[in-house]
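In what follows, every chain begins at residue 1, and chains take the letters A, B, ... in the order their sequences are listed.
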2 protein chains.
Amino acid sequence: MARTPRNTLSADLIVRTALELMEAKGTDAFSLRGVAGELGVGPMALYTYFRNKDDLYDAVRDHLMALLPAVPSDAPWPDQVRTVCRSLRLLMLQHPCLAQLLAGRPLSGHETARVAEGLLGVLRAAGFDAETAARTHTTLFTYVLGSTSWEIQMAAERRDPEAWRRLRTSMESLSARDFPSVVELAPELARTTGGDEQFDYGLNLLLAGLQVRTPS
Amino acid sequence: MARTPRNTLSADLIVRTALELMEAKGTDAFSLRGVAGELGVGPMALYTYFRNKDDLYDAVRDHLMALLPAVPSDAPWPDQVRTVCRSLRLLMLQHPCLAQLLAGRPLSGHETARVAEGLLGVLRAAGFDAETAARTHTTLFTYVLGSTSWEIQMAAERRDPEAWRRLRTSMESLSARDFPSVVELAPELARTTGGDEQFDYGLNLLLAGLQVRTPS
DNA sequence: ACACCGTACTATACACTGTACGTTAGGAGC
DNA sequence: GCTCCTAACGTACAGTGTATAGTACGGTGT
């Protein structure tokens, strides 16, 4: 029987091809059978390296997290925070599947911890007490996650002409009497959704609020 | 042939039983065949009322959005904003499936527009220009979405003893040398994740940053 | 009263999914 | 050369969403 030679697989190889498939065909179209086929291997071969699909998801997430650069050490802390948040957003934009990988699963894995360490270290060094540092970390993280996921979602919607058309007509069917602000600001909302400016706007709000309570 | 009498179904009835199933068995375990079975009807019967599964998702989302209370009109605008954000979070906590329904699909539907209208109206009335109002709306919305989704996700994780145990041991396996801040703040992070206080902390940061640039 | 037609629902089928189970063959160590 | 371990196999199952075609019922026009 034409059996593939042994030890051609490895956890890392599986993770890399899984990532390729997710980015090529979209996170939803990803399947274990797909990556197994790509590797010229039966679906069950993957279970030697991963306990189940979620386990593979976690591995891919950690693989992507490893790409995040380290925090620059020679800058005022607000700039450091900005850099961390921006690079996480950038990574999510470059790998849209990361949004779903981060949203649907808890955080675990060394690379994920490394990212948390960077941000927490900056906040502690800035002089925030334990509780404030923890709360700020969670706030910043969820802001980046939420706003970037939304941005990716909207961008995907815009690329699908059918969905985009339906969204437009749904918007235009709104009565200007019942929804004056939405109708008035619809162009503005469409124009400002996504993009560096929108992201930085919210990030700056958070940082401005944070600097008010800066420990001396 | 024992055929169910006609017109026993309706879009609204389907939406309500779909919602029931989502909340009873979890959003992931939800299936068209499940709700069809619950209604004593073949799976394809649903396609008379909804074009596909996503269409049904949208309808459920709008159904839930209708439960949001109106914005109180007699309060300073920061309090109004706080109220809107808090009630959206509360609704998401009461109906955990809403998080996934909001994250994965674009916004459309009258009830969803109503919510946007409330927040945008408050911001316009407070004197913000069009661009700032639009940007602020997006920022607040994505913050609420991101932080509450995260909260729900973590709460679900905590209820699954197996996943929770693995998360703990994964945390404890981190070297205090490589991840000093994470290790030090782990209890603080676990303690402060979720809850009204954490949500309000981030919301207050945003509002504080916003009030700095309040138009006199 | 009766034929008709649109529509609400059914039946069947297809191409998938993740994964449990039992089997087999390749390489390492004796 | 033999044994053992395990990586990869094949098969099977219980699901999924939905395309397609068929069927019976309710309301309408004559």
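Between the two ends of the helix from C/dA1-D/dT30 to C/dC30-D/dG1, each summarised by a five-pair axis, the helix axis turns through 10° (rounded to 10 degrees).
In the set C/dG18, D/dA8, C/dA8, the nucleotide with an atom closest to the side chain of B/Thr48 is C/dA8.
Residue B/Tyr49 places no side-chain N or O under 4.0 Å from the OP1 or OP2 atom of C/dA8.
Within the structure, no pair that satisfies the salt bridge (charged side-chain N to carboxylate O under 4.0 Å, His left out) test touches residues 17-40 of chain A, not counting sequence neighbours. Among pairs with a residue in residues 157-207 of chain A, those fulfilling ring-ring contact (aromatic ring centres under 6.0 Å, His included) read A/Tyr143-A/Phe199, at least two apart in sequence or across chains. Pairs of residues two or more places apart, or lying in two chains, that qualify as salt bridge (charged side-chain N to carboxylate O under 4.0 Å, His left out) and include a residue from residues 59-71 of chain B are B/Asp58-B/Arg61.
Shown here are the salt bridge (Lys or Arg N to Asp or Glu O under 4.0 Å) partners of B/Arg158, two or more places apart in sequence or in another chain: there are none. Residues that satisfy the salt bridge (Lys or Arg N to Asp or Glu O under 4.0 Å) test with B/Glu197, not counting sequence neighbours, are A/Arg135. Evaluation of the salt bridge (Lys or Arg N to Asp or Glu O under 4.0 Å) rule for A/Arg51 yields A/Asp55 as partners, not counting sequence neighbours. For B/Arg165, the salt bridge (Lys or Arg N to Asp or Glu O under 4.0 Å) partners at least two apart in sequence or on another chain are B/Glu162.
One interatomic measurement links the two molecules: CG of A/Asp55 to P of C/dG18, which rounds to 14 Å at whole-angstrom precision. Remark: C1' of C/dT17 and CG of B/Asp28 are 14 Å apart, rounded to the nearest angstrom. Protein atom CE of A/Met44 is 14 Å distant from nucleotide atom P of D/dA7, rounded to whole Å. Atom OH of B/Tyr47 and atom C1' of C/dA8 are 16 Å apart (whole Å). Separating the CG atom of B/Leu9 from the C1' atom of C/dT7 is a distance of 13 Å, rounded to the nearest angstrom. If you measure from atom CG of A/Leu56 to atom P of C/dT19, you get 10 Å, rounded to the nearest angstrom. Put simply, CD1 on B/Ile14 is 11 Å from C1' on C/dA8, counting in whole angstrom units. In this structure, B/Leu46 atom CG and C/dT10 atom P are separated by 10 Å, rounded to whole Å.
Side-chain contact of B/Gln100 with B/Ser149: a donor-acceptor pair under 3.5 Å is absent, judged by distance alone. Judged purely by distance below 3.5 Å, without hydrogens or angles, the side chains of A/Gln198 and B/Thr139 pair a donor atom with an acceptor atom.
Contacts of B/Ala45 with the nucleic acid, taken as non-hydrogen atoms under 4.0 Å apart, include base atoms.
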Extract from the structure each pairing of a protein N or O with an N or O of nucleotides 12-16 of chain D at less than 3.5 Å, listing the distance.
| unit_1 | atom_1 | unit_2 | atom_2 | d |
| --- | --- | --- | --- | --- |
| D/dT16 | OP1 | B/Ser31 | OG | 2.7 |

